[in-house]
Amino acid sequence: FGDLSLRGILPAILMHSGQRTCGHLNFCMRCATKWLKKHANPTSDTPEPARCPLCRTTYDSMTEFPPHLLVKVIQPVKHCLAPLPQLCDCGPGRKHWVSPLNIHFTHNWISEHFKDGEESFGGKRPGILDTIRQLLSGEEPAELDCLDVVWYKGRMFVAGTGNRRLCMWRLLSIFLPARWGMVKVRFVNIKDRRVHWDDKFSTECMGDWVEIR
C-alpha cells in the first residue's frame, strides 16, 4: 500500500456502528466501497453489512488508513508465475508442478469447511484456515498431496471438486510463495464420468475467484 498511496489508493479501516471491527488492512478503499455496495439491500434504507475477507467480521462503513503511517516499498517483490505445461504433455494421469494461481475454480462460492469425505489430520470438517495452520506446522497429509485438474477453453480448472483445496493453495502461494509457490497436479479427462463436469462447472467468472460463505 505504500506505493499505491502515491496513486491515491489507501487501505480501508473497516468500521461497524462507528467502531473499528478488526485489525485487518487487506482491503483498499475502492474495493471496500465496492464490496459494501454489492451487499447493499436496495429495498432497505439500511445497507446489509459486508464482511472482512479474512476474519468475516461484518462492517457497514470504512475510513482511510492515515497515509503518513504507510511504508513505501523501494523494490517490491515480484511474484513470477511459472509457465504452464504444454497441452500435448497433459494427457490423463500425467503430473506436473504448476502455480495455484494458474488454476481456476469451478464454483462461484464454497463453504469454509471441508466435507466429511475430505477429512484431514484426523478431524471432521476442518476449516480452510485450520488446514493452512496445520500445513505451516509441518503436517502434510497424503490427501492434499496432489490436485486433479482438467483443461477447459484454454484454462486449467480443478476437476469438478477440489475448490476448497485450491483456495487453500492459492492463499499459501500468495503469502508464502517461496515455500508454496507450486503445487503438484494430475490431469484427468474432462469427459470422465467421475469428474461430473457439466454438473460441477457453475462459475460465472471463468473461475477467476470464489466467495467463501
Side-chain angles (χ1 to χ4, degrees), residues 53-54 56 77-213:
L54 289 183
R56 313 301 292 167
V77 177
K78 294 183 179 180
H79 183 74
C80 299
L81 297 182
L84 291 174
Q86 296 294 321
L87 185 59
C88 59
D89 295 327
C90 299
R94 297 291 297 271
K95 296 180 180 180
H96 293 273
W97 288 90
V98 302
S99 168
L101 303 180
N102 277 328
I103 308 173
H104 296 80
F105 300 99
T106 57
H107 298 332
N108 280 325
W109 65 271
I110 57 176
S111 169
E112 178 186 358
H113 295 277
F114 288 91
K115 298 178 181 177
D116 288 338
E118 299 174 300
E119 293 181 14
S120 300
F121 314 108
K124 289 187 176 181
R125 293 179 59 81
I128 293 175
L129 294 181
D130 293 330
T131 307
I132 288 177
R133 292 189 190 98
Q134 294 284 357
L135 286 169
L136 293 177
S137 70
E139 297 184 49
E140 300 184 28
E143 295 89 341
L144 302 178
D145 176 62
C146 192
L147 192 64
D148 286 347
V149 298
V150 299
W151 280 108
Y152 180 68
K153 293 187 176 181
R155 287 189 166 196
M156 193 186 309
F157 289 85
V158 290
T161 59
N163 289 273
R164 274 175 289 270
R165 281 183 289 163
L166 175 57
C167 179
M168 178 189 67
W169 289 126
R170 276 196 172 198
L171 289 171
L172 287 168
S173 179
I174 291 172
F175 292 104
L176 295 169
R179 181 179 177 186
W180 304 101
M182 304 287 281
V183 61
K184 184 165 63 176
V185 300
R186 176 177 56 219
F187 285 89
V188 299
N189 192 331
I190 195 172
K191 296 181 180 179
D192 191 319
R193 293 182 178 180
R194 293 170 295 181
V195 175
H196 302 290
W197 180 256
D198 292 336
D199 296 328
K200 298 294 185 179
F201 187 74
S202 60
T203 176
E204 297 177 357
C205 61
M206 282 301 288
D208 288 333
W209 53 266
V210 71
E211 181 179 355
I212 301 177
R213 296 182 179 177

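Quick caveat, the model's predicted, so the values are computed rather than measured.
Taking every heavy atom of both residues into account, Leu147 and Gly162 meet most closely at CD1-O, 4.0 Å. Residues Leu101 and Ser173 come closest through the heavy atom pair CG-OG, 4.0 Å.
Remark: Ile190 pairs with Val150, Tyr152, Trp197 by the side-chain contact (heavy atoms from CB on, under 4.5 Å) rule, at least two apart or across chains. In this structure, His107 has no ring pair (Phe, Tyr, Trp, His ring centres under 6.0 Å) partners at least two apart in sequence or on a different chain. In this view, Arg186 and Lys95, Cys146, Asp148 satisfy the side-chain contact (heavy atoms from CB on, under 4.5 Å) rule, not counting sequence neighbours. With sequence neighbours excluded, the residues that form a side-chain contact (heavy atoms from CB on, under 4.5 Å) with Asp89 are Gln86, Arg94, His96. Residues passing the side-chain contact (heavy atoms from CB on, under 4.5 Å) test with Trp151, sequence neighbours excluded: Leu84, Leu87, Cys90, Met156, Phe187. Partners of Asp208 by salt bridge (charged side-chain N to carboxylate O under 4.0 Å, His left out), not counting sequence neighbours, listed by chain and number: Arg155.
Annotation: side chain of Phe105 is in contact with side chain of Cys167 (closest heavy-atom distance under 4.5 Å). In this structure, Lys200 and Thr161 have side chains that are in contact, with non-hydrogen atoms separated by less than 4.5 Å.
Checking side-chain atoms of Arg56 against main-chain N and O of Ile212 turns up a donor-acceptor pair under 3.5 Å. When atom types are taken as modelled, the side chain of Asn108 and the backbone of Glu204 share a donor-acceptor pair closer than 3.5 angstrom. Distance alone, capped at 3.5 Å, is enough to place a donor-acceptor pair between the Asn163 side chain and the Thr106 backbone. When atom types are taken as modelled, the side chain of Arg170 and the backbone of Ile103 share a donor-acceptor pair closer than 3.5 angstrom.
The distance from the CG atom of Leu129 to the CD atom of Glu112 is 6.0 Å, given to the nearest 0.5 Å. Rounded to the nearest 0.5 Å, atoms CG (Asn102) and CE (Met182) are 8.5 Å apart.
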